[in-house]
Amino acid sequence: MAEDTKERPVYRNIHVTQIVGYSLPPAGMVSILHRVSGALLFLLLPFVVWLFDVSLGSEISYERFSNAFVAGIGFVPAGLIKLVVLGLIWAYLHHFIAGLRHLWMDATHSVGKQHSRVSALITLASSLVLTVVLGARLFGFL
Amino acid sequence: MSEHSGSKRLVVGAHYGLRDWLSQRITAALMALFTAVLLLQLLAGGRLGYDRWAGIFAQQWMKVLTFVTIVSLALHAWVGMRDIWMDYVKPVGIRLLLQVVTIVWLLGCAGWAVQVLWRL
């Protein structure tokens, strides 16, 4: 039994401090951001349900909801709410489009180097462009 | 189903991830459908105020679709968050705690959202 319980060697050659210095290919960026955006959406889920709640509760709570984006709510300024919603918008868009890319890859087996590179770049770019457009509307630039 | 339970349960082999993989895709497709349907309803019609916004979710079929989306989201996020904990958190005790917190978090949010929906 002694031999069975012997410590096994563990090869962990990536440390968090090293990850920062890594240069990922576009598909790798989409992949890790898919995870990051998913985790962000999970963490912000109570906020989303709260938005759902105040916007649908009644005419009065709907006023509170729209006013939160103008004058803030309680001690939370409107700018912070808009910033969090902007984060939500990006996370949703990136997660959504990266998910469509997954489904498309599953369905068409377009998993070659070139296909995955192009679709990854499209995913990164389209989610960012849409975020900028919607963010501009959110912050009143459009 | 005998290989999934009891003392003769199959504890090794492939296909264990298939169910999670498939459920994540099916729930994703359902949420995408919800997104498209909601977007179409928002874009059609005039100025958005409380009446139109609440009217969208007051329709019985939209309530059913939203309910399906809420349940899908909980399942989808469960598979995804469990993957994250399994990848990055190695101590079994902390991982179990985080998984329990995840389930409570998701069930709490889902229950709250259903309550909002059925109040309409």
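Order of the sequence lines sets the chain letters (A, B, ...), proteins ahead of strands, with each chain counted from 1. Predicted model only: the values in this text are computed from it and were never measured.
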Apply side-chain contact (heavy atoms from CB on, under 4.5 Å) to Phe42(A) and Leu106(B), showing your working.
CA-CA 8 Å; Phe42(A) 169 79; Leu106(B) 288 172; 3.7 Å; yes
Beyond-backbone contact of Thr35(B) with Tyr92(A), side-chain heavy atoms, under 4.5 angstrom:
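The answer is yes, as the side chains (C-beta and beyond) meet within the 4.5 Å cut-off.
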With a 4.5 angstrom heavy-atom cut-off, is it the side chain or the backbone of [X] that approaches chain A, or both, or neither?
| X | result |
| --- | --- |
| Trp78(B) | neither |
| Ala32(B) | both |
| Asp83(B) | both |
| Leu73(B) | side chain |

Identify which part of Leu45(A) has an atom lying under 4.5 Å from any heavy atom of chain B, answering side chain, backbone, both or neither.
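Its backbone and side chain both get close to chain B.
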Mind checking whether [X] and [Y] sit in one hydrophobic cluster, side chains of I, L, V, M, F, W, Y counted as touching below 4.5 Å?
| X | Y | value |
| --- | --- | --- |
| Val114(B) | Val64(B) | no |
| Met81(B) | Leu97(B) | no |
| Ile56(B) | Phe34(B) | yes |
| Leu65(B) | Trp118(B) | yes |
| Leu138(A) | Leu80(A) | yes |

Taking Tyr62(A)'s backbone N and O only, do any of them form a donor-acceptor pair with Trp53(B)'s side chain (distance below 3.5 Å, no angle check)?
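Checked: no pair found.
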Short side-chain to backbone donor-acceptor contact, Tyr50(B) and Ser55(A), under 3.5 Å:
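Looks like no, no N/O pair under 3.5 Å.
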What option among Ala28(B), Gly49(B), Ala110(B), Ala29(B) has the most heavy-atom pairs under 4.5 Å with chain A?
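Of the options given, most contacts go to Gly49(B).
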If you count every heavy atom of other residues, nucleotides or ligands that lies below 6.0 Å from [X] atom [atom1], does the total exceed 12?
| X | atom1 | value |
| --- | --- | --- |
| Ile60(A) | CD1 | no |
| Arg117(A) | CZ | no |
| Phe67(B) | CZ | no |
| Met29(A) | CE | no |

Do you know the tightest heavy-atom contact between [X] and [Y]?
| X | Y | answer |
| --- | --- | --- |
| Leu120(B) | Leu56(A) | CD2-O, 3.7 Å |
| Ala113(B) | Val49(A) | N-CG1, 3.7 Å |
| Asp106(A) | Trp21(B) | OD2-CZ2, 3.4 Å |

Hey, could you give me the CZ/CG distance between Arg25(B) and Leu103(A), rounded to the nearest 0.5 Å?
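Going from the CZ atom of Arg25(B) to the CG atom of Leu103(A) covers 6.5 Å.
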Nearest 0.5 Å, what's the SG-CZ distance between Cys109(B) and Phe47(A)?
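So the SG of Cys109(B) and the CZ of Phe47(A) are separated by 12.5 Å.
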Between Trp112(B) and Phe52(A) (judged by ring centroids, cut-off 6.0 Å), do the two rings come close enough to count as a pair?
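No, the ring centres sit 6.0 Å or more apart.
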Charged N to carboxylate O below 4.0 Å: is that the case for Asp87(B) and Arg35(A)?
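So Asp87(B) pairs with Arg35(A) through a salt bridge.
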Parallel, tilted or perpendicular, as decided by the 30° and 60° cut-offs, for the rings of His95(A) and His76(B)
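Because their plane-to-plane angle is over 60°, the rings of His76(B) and His95(A) count as perpendicular.
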Walk me through it: do Gln115(B) and Asp53(A) pass the test side-chain contact (heavy atoms from CB on, under 4.5 Å)?
CA-CA 9 Å; Gln115(B) 181 200 358; Asp53(A) 193 353; 5.9 Å; no
